[in-house]
Amino acid sequence: MMDPDEEEEEPENVPPQEDDSSEEGEDNPEEVRKVREGFIVSEDEDEEEGQDSGEERRRRKKKRKRSNRRSKREEEDLEDDDLDLLEENTGGSFKKPRLIRLRRAAGSESPPASASRRRPVVESSDDDLDNVGVAPAGDIQQIWDDRGDDEEDGDMDMSSFIESDEPEEGGHDMDDGARQKRKEHKHQKRRPRGEPPEDIGIDANAWDEFHDVFGDGHDYDWALAGDDEVEYEEEQMKPEMKYQDVFEPTEIRQRLLTEDDDLIRAQDIPERMQLATSSLSQSSTLSMHIRLAEEDLGGAAQWVIHRLSHRKTREFFSPDGQYQHLKGGLVLAVTAALRFLFVEEFEVPCIWNFKRDYIAHFDVSDIRSRLELLNLQELWRIYTLGQKYRSLVERRRALNASYTRLKVTDEYYERELVPSIDSVEMVADATEWLSMKYKDKKKDEPDFQFHDDEVAEGAKARKMPSRISAYEVAKKSVIAKLAQGFGIQPHQVVLNFIASQHVHFVEDQDLNPIAFAEQFADPDPLKALPAEDLLARARMILATELGKDPLLRDHMRRLFREEARISVEPTERGTVKIDDHHPYFNFKYLYRKHVKDLLEGPQFLHVLAAENEHLVAVLITIPPEAKTRFERRLVDAFHSDRFSDAAQAWNSERSRVVQEVLDQHLIPAGIKWTKEYIREEVEDWLANQCANQLRKRVDVAPYQTEDTLPGSPASVLAVSWGKGDPHKDAITLVFLDDERRMREHTKLDNLHDTEMVDEFMDLIKRRKPNVIVVGGFSTATMKLTKRVKELVDPAKNPEAGSLKIPVIYVMDDAARIYQHSKRAADEFSALSPTAKYCVGLARYTQSPLNEYAALGPDITTISFEEDDQHLVPKEKLLSAFERVLVDVTNKVGVDINRAVADTYYQHLLPFVCGLGPRKAQALIKKIGSQGGHLANRDQFVRASLLTTRIFLNAAAFLRISQEESQLGSKQHKHRADEDAPDPLDDTRIHPEDYELARKMATDALELDEEDIHDEHPSQVVLALMHDPENEKKLAELNLDEFAISLYEANLDQKRHTLNVIREELLRPFAEQREPFKLPGDWDILTMLSGETQRTLRVGLIVSALVLRPKPHFVTVRLDSGIEGVINAQYISDQPVNDTKSVVSKGQTISGVIIDIKFQLEEDQFFVELSSRQSELANGDSLFRRVRHDEAWDIARFEKDQEVMARKKRAEVNRTRRVIKHPNFHNFNTAQAEAYLEKQQRGDVVIRPSSKGINHLAVTWKVDDGLYQHIDVTETNADSTGQGVGGQLIVDASHTYADLDELIVIHVQAMARRVEELMAHEKFKHGSEEDLHLFLKNFLAANPAKSMYGFTLNRKRPGHFSLCFLANKNSAVQTWPVRVTPEAYYLFDAPAAGVPELCDAFKVR
């Protein structure tokens, strides 16, 4: 069988065959062809072919055709003897041309032809012809063409390939005429181009004989052309294979292979600056923001400075600020930072390390006055604010574009609004304001369409929302003119308000408001509205326009930001659920807490969480005095100064407008904004708190011993007993050397058997670890730690010799995540989970930074703020954590050659400035493709490994470790060697400052340029580094003067940079992090037991299992595994001689924690308990109670406590009542309604009342989901609750002797009246709104009539609503109908039956 792919690579120019099966005649040419070719086809094969698809038949047909052509060609080829005879007679060469193996990929261009036909090439056998494309057989006349024209020969050799690749025009099938022309063109191209036969000694007769025998080689091209076209079309139809066809979209995103990822890799912009979210996020997306221009920086700096921090504002901009004289310098520093970040695109650590001079104050005339104006955290804050400002600029541009499209000129918008837009909220308000004011213009705006645009048939225009607000209706009516009668435009009122004086004055009307409004009433009496209604609508127009004004809204937001008070009220459910032990109790009755007191604490996020659980309601208000000031100011801006009666009446109307503006627009908008503002601020604050905790863990050096250098990892032996079960868990040991490579791992059953101890000591002596790390998942780990310390202590174990190996605990949260991760499975698939846990412990000891960086998005699963971290969105946490990892990684630097070779160390590379997961991935691949090793930093540029801006960001943080042998070699000293190592490449000095470093080294060594002329430029640096007095020589340099000279010459600010260079020349990449921090006592206890200071503290009552009763004490174990002790005097209230008489082994008892004993130096921790009943009886409520906030509503708290106590007492009393009646049940309201839900209308439940022993509650079913509760008072009630009192009083008119009389005469009578009214034709089921709609629809169909109807009042069960519509232009009126046992009441008018009720309505 031939490979299908090879079938398509058919030779395109072969000797002709006698027939072509593609030309089928009418007389079944298929059978004729089979007979001529000698095929014998069985009937079974015919049946199979009939079952095959048409495509399969075509494939078989083509295959047979190729096979037939090949056999025919073999038959017609000349024998060697014939060719020899021709050579003798003619003197020419007739050897068969060699076949060139050619293969063409689908859709590719034709391969280049060989230079000559006679060039020796690889031969192909005949079998190969089926599989590959071959060089075309030349015409017989070409055998004399021996001029050596390579180009012409190449064209002839490859002619068939080139022709077959010619596409048909437009990619469409050619008609017969075009195909015939193409065939003729091919035939013309294939004409022999050799020398005339006479010129080489062949007469015309001989030539004719040759032509008659062999032909010209193109007699059957017309038959082959069809095959060529079919194969060409099939090749073109083959889809090009892409990775999108192989991988799932999710896997493509995980592998960072999307189009956005490719764009991020290609752009010369730091990766993190291209992303809208953290690069750690699995859903990070490409940011579409534009760059800030140089002209935007001034406005950006002013915008950022006032939002930087309250401390900066106070110190630099308050009159008595400490640095008030440097506020100009602060503005320049912020401007420079924004320029570096958003124009030149340097990342924050790059600016902090190499551009710090531009964000510091350095007075050339007073060199000692240098002051850092911005710190690292403030730089990150500037970056965040700069991103917000950039977004604001884009929104401004979009707003201005919308305004331009309106084609209007609005002086207020252009002069007042545009200069004041300084927030996203202002942009949104301005957009809404424009939409409100110019809605008609927006609708009339034409869609741009060119004359030659095609409009799809049947295409429907987008349907715009058809809802019209009451404002729009009123604005389009005559009411708009009435609103103008208020004498001043809304925007003029706002300008008066801002100016706090009358810039625009009110034009008073001569008529009072009512008389003026009557002028705008409809002349039709039936349509006319009262003047008061018209005024109300006019006030609504003005209130809406004032309430939507962006400037007024901005002032209200400022008021809320400065003065807002936050209160919390529990819901009915929250009142019961949130007790004094609940974490939400802290703010259950929070009362008027100042907004600024909520910004630096997680409390408000807990409040929102409680609100989402429907436990509390959040109330945001402003103090009455602040509201009054704002209202008075707005009223003054709106009022007239005149004193006439009409003017005062109009002022009264204006005051009502102001009240409506505040209550319906400004204050609701302010409340909504304040909630979001506090939430955003608190989330940012809490994310930073979590990030600070992460920084404390990662900004530390590897664990250092006496035998290790600062910053160098130690060799670590990690030991773990897992859960510490001696019957199930073995002791696992994993050793990592100082190169962070795992060298050995083993398991031991215990550390007490001699054989196991010997194996452990043998491992210690062979590997000589610098430190032993112990970890586990239970308090049994302490016993293991104690035993390990004994074995490696020479004082306790002579076999330890002179070993001094520290045994420590480390934080194991990263190791716990690692042991079950995919990364661990890929790296150490053969290890057990406990062994992987040990690997994580050892790696954390060697580099906490590397271990946390390797976690990726899983880093958010580590809780740095136990009770609060879950309240922060994951994306915010990832962004905050990423900044910490970026800061510390660039502080340490990354060895690029090691990163290429070590996949674990490689996790640090994405956090280098300028890089990210995508660019780091691409960089590793490029370096790997070029040998996997870099000699110097210049190769990043020369080999195009990094683009310019990325190189400037990353270069100084990518260190290239230098070997002493390389630095001292002759090649290094030679100046022209581009691959020579440079000692400055192993420092934190930026390449742009190399010349400064060389200059400092030259001056320190007091050399001249001539002394180092023929050496490598950095040879002098190497000499200084090896100089034993280098520190002294560098200290003698006056860097202040050097910095001043640089500034005066080129305006370069390099004072801090010079300090960095000096330190790096002395100690390249010296360790700058804090020493490794061991976990504290509570950290260890939490790791091993899960207990915290909140769950385990003095005063709490805990459950304990008795382990060993002793005469004077009892040993117990808590549920968390912590052991405890109960001394004999605390075992009971009575004196005890032997504890065994009180407790026994295996017994569970309760005890109060009276002391907590930490003895971690001896690997012991226990609690002391008391099981005295007198102490247990008091409980631990006082210790578990949550403290409430200082801003506490004491009155509301006490009131609710009293109500709950009363309900509790009533519940107790209610359960005592036993009344012998079939309808009596001890139900509460909800239970009674649930019971009646499946009963008939009119059914009754009698139940206890929460109002006391002398009350009963009667609940009866009015309708589905509707129940009436009747309070019945008992006179002479039975104090025992076992019976019913003398009289049952419903109200003054309804008194009954017993329950049966109450049910029959009162309840059932009302039920019958309800049934009677519900059966009336005017009754409509459903809600009151449904009845209103029915009435309106009826009047629309019958405009000359009026209509009324009844429906159940679902707000007052047992009552009805009578709704009527007098005419189609009037509003629906609703009157109440009360049902009593004896009559219906329309207002106070009784009606004995439904007809009388209808008559009473008509008369009224």
Side-chain angles (χ1 to χ4, degrees), residues 703 705 714 716-735 746-765 767-812 815 834 837-838 841-842 844-845 1078-1091 1096 1107-1108 1110 1113 1115-1118 1120-1125 1155-1168:
Y703 184 83
T705 65
V716 182
L717 176 66
V719 185
S720 177
W721 195 7
K723 294 182 179 180
D725 188 337
H727 302 291
K728 296 180 181 179
D729 300 318
I731 298 173
T732 303
L733 300 93
V734 173
F735 174 76
T746 188
K747 289 184 178 180
L748 302 175
D749 292 336
N750 58 68
L751 287 180
H752 294 283
D753 294 348
T754 304
E755 182 181 351
M756 300 297 172
V757 172
D758 291 343
E759 185 175 348
F760 176 78
M761 294 308 299
D762 177 65
L763 175 62
I764 295 292
K765 292 175 182 178
R767 295 300 182 182
K768 295 183 175 60
N770 298 123
V771 62
I772 298 175
V773 180
V774 184
F777 314 125
S778 72
T779 53
T781 304
M782 290 184 178
K783 299 178 181 178
L784 174 64
T785 306
K786 185 176 182 180
R787 180 57 180 160
V788 170
K789 287 181 179 178
E790 292 173 352
L791 292 176
V792 297
D793 185 359
K796 297 180 179 180
N797 183 15
E799 294 186 15
S802 60
L803 292 175
K804 292 183 179 179
I805 304 175
V807 181
I808 63 172
Y809 295 101
V810 297
M811 301 298 292
D812 70 341
T834 306
Y837 169 77
C838 289
L841 290 176
Y844 182 88
T845 309
L1078 296 177
D1081 293 346
W1082 275 105
D1083 293 327
I1084 296 172
L1085 186 62
T1086 302
M1087 281 193 298
L1088 301 181
S1089 68
E1091 298 281 9
L1096 192 72
L1107 297 179
R1108 292 178 296 277
K1110 300 291 183 181
F1113 65 92
T1115 303
V1116 298
R1117 184 171 60 227
L1118 308 188
S1120 58
I1122 295 174
E1123 293 190 356
V1125 172
D1155 197 7
I1156 298 175
K1157 302 287 187 181
F1158 281 102
Q1159 296 178 0
L1160 292 182
E1161 297 80 6
E1162 301 177 5
D1163 297 292
Q1164 288 185 357
F1165 173 85
F1166 64 94
V1167 294
E1168 190 172 348

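Numbers here are sequence positions counted from 1. What you see below is based on every heavy atom in this structure, not just the backbone, and it leaves out hydrogens, waters and symmetry mates. Values in this document were obtained by computation on a predicted structure and should not be read as measured data.
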* Structure fact -> Rounded to the nearest 0.5 Å, the CD1 atom of Ile1156 sits from the CG atom of Leu1096 at a distance of 4.5 Å
* Parallel, tilted or perpendicular: ring planes of Trp1082 versus Phe1165, cut at 30 and 60 degrees -> perpendicular
Side chains of residues 791-800: which donor-acceptor pairs under 3.5 Å do they make with residues two or more places apart or in other chains?
residue : atom : partner : partner atom : Å
Asp793  : OD1  : Ala795  : N            : 3.1
Asn797  : OD1  : Glu799  : N            : 3.3
Asn797  : ND2  : Leu791  : O            : 2.8

* Structure fact -> Rounding to 0.5 Å, atoms CZ (Phe1166) and CD (Glu1123) come to a distance of 10.0 Å
* Asked: So, do Val734 and Leu841 sit near enough that their side-chain heavy atoms are less than 4.5 Å apart?
  -> no
* To do: Would you check if the side chain of Thr1086 reaches a backbone N or O of Glu1091 as a donor-acceptor pair within less than 3.5 Å?
  => yes
* Working to the nearest 0.5 Å, report the span between NZ of Lys723 and NZ of Lys728. => 8.0 Å
* Check the pair Tyr703 / Leu1078 against side-chain contact (heavy atoms from CB on, under 4.5 Å), numbers first and verdict last. => CA-CA 9 Å; Tyr703 184 83; Leu1078 296 177; 4.1 Å; yes
* Asked: Do Leu717 and Ile805 have side-chain heavy atoms sitting under 4.5 Å apart?
  -> no
* Exam field: side chain Tyr837 to backbone Gly776, donor-acceptor pair closer than 3.5 Å -> yes
* Asked: If we only count heavy atoms from C-beta on, is the Thr834 to Asp729 side-chain gap below 4.5 Å?
  -> no
* Within the side chain of Ser720, is there an N or O that forms a donor-acceptor pair under 3.5 Å with the backbone of Gly775? -> yes
* To do: Could you grab the distance from atom CZ of Arg767 to atom CG of Asp762, nearest 0.5 Å is fine?
  => 10.0 Å
What donor-acceptor contacts under 3.5 angstrom involve side-chain atoms of residues 751-760, with partners at least two apart or in another chain?
residue : atom : partner : partner atom : Å
Asp753  : OD2  : Asn750  : ND2          : 3.2
Glu759  : OE2  : Thr746  : OG1          : 3.4

* Could you state the interatomic distance from OG (Ser1089) to CD1 (Ile1084), rounded to the nearest 0.5 Å? -> 11.0 Å
* Asked: How far does CE of Met782 sit from CG of Leu1088, to the nearest 0.5 angstrom?
  -> 5.0 Å
* **Heavy-atom check, side chain of Ile764 versus side chain of Pro769, under 4.5 Å** => yes
* For residues 777-788, pull every pair meeting side-chain hydrogen bond (donor to acceptor under 3.5 Å, both in side chains), keeping only residues two or more places apart or in separate chains. => Thr785-Tyr809, Arg787-Glu790
